[in-house]
Amino acid sequence: QGYGWGGFYLVQPPRTLPVHLAVGSADFFSSYAQDSAAFLDGQGHEVWFEAVPGVAHNGGKFYAVLGERAPAFYRRAFGK
């Protein structure tokens with residue numbers, strides 16, 4: 001199941017939470033992230049899922065392509 005990625009909780013949260021899952025579309029974790037997003041959405045969490053096009057497991061390229069969308073989630077979720 002990919003290091004905590006997938007359709008399950010590692011720890012049951014006390015309430016639903018907004019969740020941002022972003023993964024490179026070419027990352028080997030991509031299918032696990034999609035499973036996680038579907039599971040969390042089904043549990044009532046507000047899920048913002050993004051597959052960053054053409055990016056594998058490369059943090060620098062990931063954030064360069066994701067750009068402003070990375071901090072945008074936090075402003076949206078926390079109203080700042």
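Computed from a predicted structure; not experimentally measured.
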Identify whether Tyr63 and Val52 are in the same connected component of the hydrophobic contact network (ILVMFWY, side-chain heavy atoms under 4.5 Å).
yes
d(Asp41 CG, Glu46 CD) to nearest 0.5 Å is 10.0 Å
Could you list the residues that satisfy side chain to side chain donor-acceptor pair (under 3.5 Å) with Gln43, not counting sequence neighbours?
none
How close do His20 and Trp48 get, counting heavy atoms only, and between which atoms?
CD2-O, 3.2 Å
When rounded to the nearest 0.5 Å, the distance separating CZ of Phe29 from NE2 of His57 is 5.5 Å
Smallest separation among heavy atoms of Phe49 and Ala37, with atom names:
CD1-CB, 3.7 Å
Nearest non-hydrogen partners of Ser25 and Gly54, listed with the distance
OG-N, 2.8 Å
Quick one: do Leu21 and Leu66 end up in the same hydrophobic cluster if we chain Ile, Leu, Val, Met, Phe, Trp and Tyr together by side-chain heavy atoms under 4.5 Å apart?
no
With sequence neighbours excluded, residues passing side chain to side chain donor-acceptor pair (under 3.5 Å) with Tyr9:
His45
Would Val23 and Tyr32 show up in the same hydrophobic cluster when neighbours are defined by side-chain heavy atoms closer than 4.5 Å?
yes
I'd like to know if the side chain of Ser30 and the backbone of Ala26 have a donor-acceptor N/O pair within less than 3.5 Å.
no
Taking the side chain as every heavy atom from C-beta outward, state whether Phe8 and Asp35 have any atom pair closer than 4.5 Å.
no
Quick check: does any side chain N or O of Ser36 sit under 3.5 Å from a backbone N or O of Gly7, one acting as donor and the other as acceptor?
no
